[in-house]
*Asks:* 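Before I ask anything, let me first share the structure, which is written out below as structure tokens.
Worth knowing before you read on, the calculation uses all heavy atoms, side chains too, and leaves out hydrogens, waters and symmetry mates. Computed from a prediction, not measured in an experiment: that's the story for all the values here.
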Amino acid sequence: MQARINNPVMSIPGALDGIRGFAMSARTTGVPEETTALSELRVSQINGCSVCADMHSRELDLLGCSSERLHTLAAWREAPYFSDEERAALALAEAGTRLADRPEAVSDGVWEEAARHYSEEQLGGLVVTIAAINAFNRLNAITRQPTGPWVAQFVEQGMAART
């Protein structure tokens, strides 16, 4: 695959800093890092974004996520490897990604289950995470950005910035 154009966030001044800052703001809300990365990977799987799927699977590997969890994330509802809290976050991530798939984009049931496990600040963090990864996915998918070994440096930089 070849990119249609250079990624707009790399060529428009301030775009990368803006979207990265928005995404990183969610990391301060107390949602576990692994839950955030699982949500980002699941959204990226749904949207078919190879760059983000590659990036967040590498991130999860560095966070110590088990191979069972990584390999079964697409089927998380049927896999025994996810906590109730993670399942609530994943359900919210899927609903927030597939907004047009049902009359009530994010059902009260999905929201209430997430609210049972997360504080209002954490819910805000999950919503920002879902919005940000969808934006990244759309930038990459629309312009057909291919993944590659270069993704590793961004994962390492991101992990270093968190410590």
*Asks:* Report, as yes or no, whether the 6.0 Å neighbourhood of atom CD on Glu120 holds more than 12 heavy atoms from other residues, nucleotides or ligands.
*Replies:*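 Counting neighbours around CD of Glu120, 12 or fewer heavy atoms of other residues, nucleotides or ligands fall under 6.0 Å, so no.
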*Asks:* Hey, mind stepping through Val31 and Thr129 against side chain to side chain contact (heavy atoms under 4.5 Å, CB included) and telling me if it holds?
*Replies:* CA-CA 10 Å; Val31 177; Thr129 293; over 6 Å; no
*Asks:* Using a strict threshold of under 4.0 Å (side-chain N to carboxylate O), is an ion pair present between Glu34 and Arg69?
*Replies:*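 So Arg69 pairs with Glu34 through a salt bridge.
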*Asks:* Check for me, please, whether Leu90 and Val110 land in the same ILVMFWY cluster - side-chain distances under 4.5 Å, paths through other members count.
*Replies:*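 No, Leu90 and Val110 fall in different hydrophobic clusters.
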*Asks:* Is it true that Val51 and Met10 fall in one hydrophobic cluster, defined by side-chain heavy atoms closer than 4.5 Å?
*Replies:*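 Yes, it is one cluster - the side chains of Val51 and Met10 are joined through contacts under 4.5 Å.
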*Asks:* Treating Ile, Leu, Val, Met, Phe, Trp and Tyr as nodes and any side-chain heavy-atom pair under 4.5 angstrom as an edge, say whether Leu41 and Val151 lie in one connected cluster.
*Replies:* no
*Asks:* Determine yes or no for a side-chain-to-main-chain donor-acceptor pair under 3.5 angstrom, with Glu112 supplying the side chain and Gly109 the backbone.
*Replies:* no
*Asks:* Got more than 12 heavy atoms from elsewhere within 6.0 Å of CZ, Arg77?
*Replies:*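 Count over threshold, so yes.
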*Asks:* Give, for atom CG of Leu139 and atom SG of Cys49, the distance between the pair rounded to the nearest 0.5 Å.
*Replies:* 9.0 Å
*Asks:* Rounded to the nearest 0.5 Å, what's the gap from CZ on Phe136 to CD1 on Ile19? Could you check?
*Replies:* 4.0 Å
*Asks:* What pair of heavy atoms forms the shortest contact from Arg98 to Arg102, and how long is it?
*Replies:*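 So the minimum-distance heavy-atom pair works out to O-NH1, 3.4 Å.
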*Asks:* For the pair Arg116 and Glu113, evaluate side chain to side chain contact (heavy atoms under 4.5 Å, CB included) and give the outcome as yes or no after the intermediate values.
*Replies:* CA-CA 5 Å; Arg116 277 184 355 98; Glu113 183 62 16; 2.9 Å; yes
*Asks:* Please lay out, stage by stage, how Leu38 and Phe82 fare under the test side chain to side chain contact (heavy atoms under 4.5 Å, CB included).
*Replies:* CA-CA 10 Å; Leu38 285 167; Phe82 303 93; 4.2 Å; yes
*Asks:* If I compare all heavy atoms of Ala79 with all of Thr72, which pair ends up nearest, and what's the gap?
*Replies:* CB-OG1, 3.6 Å
*Asks:* Start with the C-alpha gap between Cys52 and Ile133, add the side-chain angles, then the distance that decides, and say whether side chain to side chain contact (heavy atoms under 4.5 Å, CB included) holds.
*Replies:* CA-CA 8 Å; Cys52 293; Ile133 194 62; 3.9 Å; yes
*Asks:* Charged N to carboxylate O under 4.0 angstrom, Arg27 versus Glu40?
*Replies:* yes
*Asks:* Rounded to the nearest 0.5 Å, how far apart are CG of Leu126 and OG1 of Thr36?
*Replies:* 6.5 Å
*Asks:* Is the backbone of Gly30 close enough, under 3.5 Å, to the side chain of Gln122 for a donor and an acceptor to pair up by distance?
*Replies:*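 At least one qualifying donor-acceptor pair exists.
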*Asks:* I'd like to know if the side chain of Arg4 and the backbone of Ile142 have a donor-acceptor N/O pair within less than 3.5 Å.
*Replies:*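 Checking the backbone N and O of Ile142 against the side chain of Arg4, a donor-acceptor pair under 3.5 Å is found.
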*Asks:* In Å, rounded to the nearest 0.5 Å, how long is the span from CH2 of Trp76 to CD of Glu94?
*Replies:* 5.5 Å
*Asks:* Indicate the atoms forming the closest heavy-atom contact of Val128 with Ser25, along with that distance.
*Replies:*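 Shortest heavy-atom contact: CG1-OG, 3.9 Å.
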*Asks:* To the nearest 0.5 Å, how far apart are CD in Gln2 and CD in Gln145?
*Replies:* 10.5 Å
*Asks:* For the atom pair CG (Leu70) and OG (Ser57), what is the distance rounded to the nearest 0.5 Å?
*Replies:* 6.5 Å
*Asks:* Any chain of hydrophobic side-chain contacts (each under 4.5 Å) joining Leu62 to Met55?
*Replies:* yes
*Asks:* Not counting sequence neighbours, which residues clear ring pair (Phe, Tyr, Trp, His ring centres under 6.0 Å) with Phe154? List them please.
*Replies:*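 Partners of Phe154 under the ring pair (Phe, Tyr, Trp, His ring centres under 6.0 Å) test: Trp150.
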*Asks:* Val106 and Val43: same hydrophobic cluster, using ILVMFWY side-chain contacts below 4.5 Å?
*Replies:*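 No; Val43 is not reachable from Val106 via cluster members.
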*Asks:* State, to 0.1 Å, how close Thr97 and Ile130 come at their nearest heavy-atom pair, and which atoms those are.
*Replies:*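 So the minimum-distance heavy-atom pair works out to OG1-CG2, 4.2 Å.
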*Asks:* At their closest point, which heavy atom of Tyr118 faces which heavy atom of Thr35, and how far apart are they?
*Replies:*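 For Tyr118 and Thr35, the tightest heavy-atom pair comes out as OH-CG2, 3.5 Å.
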*Asks:* Do you know the tightest heavy-atom contact between Ala53 and Ser44?
*Replies:* N-CB, 3.7 Å
